[in-house]
Amino acid sequence: MPRAQIKDEKKYQELRDKGESKEKAARIANASANQGEKTIGRKGGKSPSYDHWTKDDLLKRAREIGVEGRSSMTKSELVKALRDH
């Protein structure tokens with residue numbers, strides 16, 4: 001059943017089937033529906049890899065997006081949690 005908040009249901013389902021979170025799949029599907037896939041593919045790439053961030057910066061970013069259990073995570077666990085969010 002189509003959902004009103006998802007603008008490209010097919011793209012959303014493809015991303016969910018690949019294992020992406022509901023939030024991330026919806027964000028990508030809606031962005032590609034609004035701006036086109038070619039435009040979305042060129043965006044990004046301005047921030048350094050999480051591997052190069054300090055643990056404090058990773059904790060701050062995890063707090064901003066609501067990663068649970070972040071205070072007890074190691075740096076590598078924070079990087080994985082941020083990538084998987």
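- Taken from CZ in Arg70 to CG in Leu82, the straight-line distance is 10.5 Å, to the nearest 0.5 Å.
- The 12-atom threshold is exceeded at CD of Glu64, counting heavy atoms of other residues, nucleotides or ligands nearer than 6.0 Å.
- For the pair Tyr12/Lys22, a side-chain contact is recorded, criterion being any heavy-atom separation below 4.5 Å from C-beta on.
- Put simply, the residue from Leu59, Leu78, Leu58 that forms a side-chain contact (heavy atoms from CB on, under 4.5 Å) with Met73 is Leu78.
- Across all their heavy atoms, Asn30 and Asp8 have their closest contact at OD1-N, 4.3 Å.
- Looking at Arg83 and Ser49, their side chains come closer than 4.5 Å, going by heavy atoms from C-beta outward.
- Counted within 6.0 Å of NZ on Lys80, heavy atoms from surrounding residues, nucleotides or ligands total 12 or fewer; the atom is thus considered open.
- Annotation for Ile65 and His85: closest pair O-NE2, 3.4 Å, computed over non-hydrogen atoms.
- A salt bridge does not link Lys18 to Glu14: none of the charged side-chain nitrogens sits closer than 4.0 Å to a carboxylate oxygen.
- Rounding to the nearest 0.5 Å gives a distance of 8.5 Å between CZ of Arg63 and NZ of Lys60.
- Listed here is the closest heavy atom pair of Tyr50 and Lys75: O-CE, 4.5 Å.
- Here the side chains of Glu20 and Ile28 are not in contact, with every heavy-atom distance at 4.5 Å or above.
- In plain terms, the two heavy atoms of Val67 and Ala81 that are nearest each other are CG1-CB, 3.9 Å.
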